[in-house]
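Below you'll find the structure, written out as structure tokens, and then a few comments.
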Amino acid sequence: MTRRTVAAFLTPEGFAQPSVAAVLREGSVVTEVGRYAVHAMGSRGSRRRTPCGSGPVRSAEPVLLVPGFLAGDASLSAMSRTLRREGFRTYRADIRANVGCTIAAAAQLEERLEEIAQRRGARVRVVGHSLGGMLARGVAARRPDLVAGIVTLGSPVLAPGAHHASLARSVDLLVRLQRAGLRNLMAEDCVAGLCAQQSFDRARAPLADDVDFTAIFSRRDGIVDWRACVDPAARAVEVRSSHLGMGFDPAVITAVSAALRPAAPLSAVEVDRGQSA
């Protein structure tokens, strides 16, 4: 975020905005789209050869997917489809575009969790991309009765302001549009005032012992400082993916799937293009 728009406390010492050239690494998203397409075609062939009634055992805990900044539920549709094929019951966050006040977004997310938990009779596991992961972590800290675990994807929980200049310009534009009278957008208070401080504090609040937490990050991330995504309270899992590609890269989805299964959790594992080490 730009210095004139965003509070300095959102970029603590030790973290920094990625360089202007870092965004070039996001070009690998094209390769990641290709890998997903190949993986999807292979999965369809495998399903045709699988006898009826021998599919994966459905997970008892529902999974809520939360999109990142400027994105909507559709950005995680590929991940949702793959997880459903693997036996997970996934739900949308009902977010068309994640561009509003983070406090309001967290309240909406909490309501959605209450709805799903009541419907399924179980706590929910939440997968959040970027800003979606920060929202998920804050809600999980406040409502462990609703959240069984969270998986963050490239979420700069430790330094929300440590992101690329292109994203900073988008934030600045939203603030300007809100000042001009457009509703339901980020206001200046959301990035430089009390609202921003409250959101930041919530995203760093301690989690209950029975709330599982996996933080997936990539050193190839061209949008946020990857160091800000490695929360000390989480099991850190490294992947080789662009920031934008985390929603559909097969290797990332494999890591997410493993993290969502409490019987076989990830533990300090590096996932690299589908291979574990």
Side-chain angles (χ1 to χ4, degrees), residues 18 23 25-26 28-29 32-33 35-36 62-84 88 90-100 102 105-106 108-109 112-113 124-140 147 149-160 162-164 166-167 170-171 186 199 203 212-226 228-231 234-260 266 271:
V23 75
R25 293 198 291 269
E26 292 299 303
S28 66
V29 69
E32 289 145 10
V33 168
R35 286 205 297 270
Y36 174 77
V63 178
L64 177 63
L65 305 178
V66 188
F69 179 56
L70 298 178
D73 291 325
S75 66
L76 295 176
S77 59
M79 178 176 291
S80 178
R81 286 193 296 270
T82 303
L83 291 177
R84 280 178 172 267
F88 295 99
T90 63
Y91 291 84
R92 297 187 299 269
D94 290 339
I95 295 177
R96 292 184 179 179
N98 203 346
V99 295
T102 50
Q108 177 185 336
L109 179 59
R112 181 66 170 142
L113 284 166
V124 184
R125 290 186 176 271
V126 188
V127 179
H129 181 214
S130 198
L131 174 59
M134 290 187 283
L135 295 174
R137 197 196 183 297
V139 173
V147 181
I150 58 175
V151 182
T152 58
L153 308 174
S155 300
V157 174
L158 304 181
H163 62 246
H164 194 269
S166 60
L167 206 60
S170 298
V171 171
M186 281 189 176
S199 294
D212 192 61
F213 182 12
T214 299
I216 297 176
F217 72 98
S218 173
R219 294 173 195 259
R220 293 180 56 82
D221 198 313
I223 301 298
V224 303
D225 184 344
W226 66 267
C229 304
V230 186
D231 192 314
R235 288 189 300 274
V237 177
E238 182 175 1
V239 296
R240 288 181 59 83
S241 169
S242 66
H243 185 85
L244 298 176
M246 286 188 174
F248 45 81
D249 188 315
V252 177
I253 298 177
T254 295
V256 171
S257 178
L260 291 174
L266 285 167
V271 179

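Heavy atoms only: backbone and side chains are in, while hydrogens, waters and symmetry mates are out. Since we're looking at a predicted model, the values are computed, not measured.
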Give, for atom CG of D221 and atom NE2 of H163, the distance between the pair rounded to the nearest 0.5 Å. 12.0 Å

R25 side chain to R220 main-chain N or O, any donor-acceptor pair under 3.5 Å? yes

Can you list the steps and then say if L135 with V126 is a side chain to side chain contact (heavy atoms under 4.5 Å, CB included)? CA-CA 10 Å; L135 295 174; V126 188; over 6 Å; no

OH (Y36) and CZ (R81) are apart, to the nearest 0.5 Å, by 4.0 Å

Counting only heavy atoms from other residues, nucleotides and ligands, does the tally under 6.0 Å from CZ of R92 exceed 12? no

Under 4.0 Å between a side-chain nitrogen and a carboxylate oxygen: does that hold for D249 and R240? no

Go through F88 and R125 one step at a time and tell me if the side chain to side chain contact (heavy atoms under 4.5 Å, CB included) criterion holds. CA-CA 10 Å; F88 295 99; R125 290 186 176 271; over 6 Å; no

Between S218 (side chain only) and V239 (backbone N and O only), is there a donor and an acceptor less than 3.5 Å apart? yes

Name all residues meeting the ring-ring contact (aromatic ring centres under 6.0 Å, His included) criterion together with F217; count only those two or more places apart in sequence or in a different chain, and write none if there are none. W226

Between E26 (side chain) and H243 (backbone), is there a donor-acceptor pair under 3.5 Å? yes

S155 side, atom OG; R137 side, atom CZ - distance, nearest 0.5 Å: 11.0 Å

How long is the gap from CG on D94 to CG on L64, to the nearest 0.5 Å? 8.5 Å

Donor-acceptor under 3.5 Å (S77 side chain, D73 main chain): no

Could you check H129 against L65 for side chain to side chain contact (heavy atoms under 4.5 Å, CB included), going step by step and ending with a plain yes or no? CA-CA 8 Å; H129 181 214; L65 305 178; over 6 Å; no

So how far is it from T90 OG1 to M79 CE, rounded to the nearest 0.5 Å? 10.5 Å

Rounded distance [0.5 Å steps], CG in L113 versus CD in Q108: 11.0 Å

Would you find a donor on one side and an acceptor on the other, under 3.5 Å apart, between the side chain of T254 and the backbone of P250? yes

Can you give me the closest heavy-atom contact between V66 and G132, atom names plus distance? CG1-CA, 3.6 Å

I'd like to know if the side chain of T152 reaches the main chain of G133, judged simply by a donor and an acceptor atom lying under 3.5 Å from each other, with no hydrogens or angles considered. no

